[in-house]
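Starting from 1, each residue takes its place in the sequence as its number.
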Amino acid sequence: MNIAWKEMKKSKAKFMILGSIIFLVSLLTFMISGLANGLSQESAGLIKDLPAGHFYMTKEANQEYSMSRIDSGIQNQILSKQKDATAFSIQMGFLNDRDGKQQSVAFVTATKSKQFINVEKGEIVLDKSMEDNGIKIGDALTNNQFKGKVIVKGFVKHSKYSHASVAYISMEDYKEIYGTDEMQLIFIPEGGTVPTFSGMESFSNHQFLNTISSYKSEQMSLNMIIWFLVVISGMLFAIFFYMMNVQKIGLYGILKAIGVKTSSLFKIMWTQMVFITVIALSIAIFLSQIFTRVAPTGMPFSLTTETTVQLSIVFLMIGFIGATLSGLQIKSVQPLQAIQQGEV
């Protein structure tokens, strides 16, 4: 342990450079992860906020929920057998505010349940972001496919779909706008065995999210960048400690000659790796959490404590693996040979 500290004091510049690079890589990873989480909420917050359960759509839809049309007879049969089940539909559309400006929204209607906002005919409940656009409770909004008006009854937080604010409307108003009363999906909260129904395909929450093409492609791209940065950090540790070990072959030879075990040499390297990583991660986490609080309201950024802890553990594991792989040469060091060819 003392040797590890003495070496770090002696070679401050080298270790500070490594620490700075790890700090920048980890900070960038945290920021992109926060952006990925924020965009996922913007893209499918409506679905992600639902409890664990199963989604059902018709097999003929080929995993495209927008093409699914559930027969009312089958729907009523499922809802009568499954106590907490709900049928719902999602359709992209727009609303005209009191100034005549069009606001893009995702219309959502559902049978009465605990999972979705229940509204009466002629009423509408919007995502809170619409309040920032100047819409207030009591405003009368219109739609070109709707003869009457809908009155804003309230707002809900974090209810987004396909980067648009969700607008909860009654089934009667939905039928008038889209000309159908057939629902697209049925959701059954988790509880024991997963029921199966003829002509219906079942999806878990995660599986259903992956059927949304825009969500899947967006998250895949960002997650690929995140893991690429994690791999880069591991390579940095491996290269850095490999170069350090090459320079210290002679020192390792002397230490082995006086009876220092190979495991002790690995502990020196691991101590240095943990020290550098913890400091770099601490600063990166501190700055990323500050950014979470000062980020502009409209920016889709959400870095949770759970995500931060998970990424920190991954960084430590990758650092450990990289440092260990670079130190395998220590094992084969022969004291006399190392002293002859190395420089202390």
Tyr168: which of Leu126, Leu46, Asp127 passes side chain to side chain contact (heavy atoms under 4.5 Å, CB included): Leu46
Would you compute the distance between atom [atom1] of [X] and atom [atom2] of [Y] and round it to the nearest 0.5 angstrom?
X	Y	atom1	atom2	result
Ile117	Thr109	CD1	OG1	12.5 Å
Ile318	Leu236	CD1	CG	11.5 Å
Asn118	Met171	CG	CE	11.0 Å
Trp227	Ile232	CH2	CD1	14.0 Å
His163	Gln41	NE2	CD	11.5 Å
Leu27	Leu281	CG	CG	10.5 Å

Are the side chain of [X] and the backbone of [Y] linked by a donor-acceptor contact shorter than 3.5 Å?
X	Y	result
Asn205	Gly53	yes
Glu123	Glu120	yes
Asp84	Pro189	no
Ser26	Ala284	no
Gln207	Ser204	yes
Ser104	Phe94	no
Asp71	Gly73	yes
Thr180	Glu182	yes
Asn223	Gln219	yes
Asn37	Ser302	yes

Electrostatic pair Lys175:Glu172 at N-O distance under 4.0 angstrom: no
Is it true that [X] and [Y] fall in one hydrophobic cluster, defined by side-chain heavy atoms closer than 4.5 Å?
X	Y	result
Phe146	Ile169	yes
Phe286	Leu28	yes
Met183	Phe203	no
Phe266	Leu18	yes

Residue pair Tyr174, Phe107: steps toward the ring pair (Phe, Tyr, Trp, His ring centres under 6.0 Å) verdict: CA-CA 8 Å; Tyr174 177 88; Phe107 286 110; 8.0 Å; no
Between [X] and [Y], does any side-chain donor sit less than 3.5 Å from a side-chain acceptor?
X	Y	value
Tyr178	Ser89	no
Lys160	Ser43	no
Ser170	Asp173	yes
His158	Glu42	no
Thr307	Ser33	no

Closest approach of [X] to [Y] (non-hydrogen atoms, all atoms of both residues):
X	Y	value
Asp97	Leu141	CA-CD2, 3.7 Å
Ile186	Ala85	CG2-CB, 4.5 Å
Thr292	Phe301	OG1-CE2, 3.3 Å
Ala87	Leu79	N-CD2, 4.0 Å

Stepwise side-chain contact (heavy atoms from CB on, under 4.5 Å) check, Ile32 with Leu229: CA-CA 10 Å; Ile32 294 177; Leu229 290 171; 3.8 Å; yes
Ring pair (Phe, Tyr, Trp, His ring centres under 6.0 Å) between Phe187 and Phe116, worked out: CA-CA 11 Å; Phe187 176 73; Phe116 293 91; 7.3 Å; no
Aromatic plane relationship, Phe55 with Phe208 - under 30° parallel, 30 to 60° tilted, over 60° perpendicular: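 It falls in the parallel class, under 30°.
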side-chain contact (heavy atoms from CB on, under 4.5 Å) assessment of Arg69 paired with Thr58: CA-CA 7 Å; Arg69 295 290 183 273; Thr58 58; 5.7 Å; no
Flag if over 12 foreign heavy atoms under 6.0 Å of NZ, Lys216: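 No, because the 6.0 Å sphere around NZ of Lys216 holds 12 heavy atoms or fewer from other groups.
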Greater than 12 external heavy atoms within 6.0 Å of Met67's CE: no
Pairs touching residues 14-24 that satisfy side chain to side chain donor-acceptor pair (under 3.5 Å), sequence neighbours left out: Lys14-Gln247
From CA spacing to verdict: side chain to side chain donor-acceptor pair (under 3.5 Å), Gln145, Glu176: CA-CA 7 Å; Gln145 281 76 45; Glu176 183 175 339; over 6 Å; no
For Tyr56, ring-ring contact (aromatic ring centres under 6.0 Å, His included) partners two or more places apart: Phe197
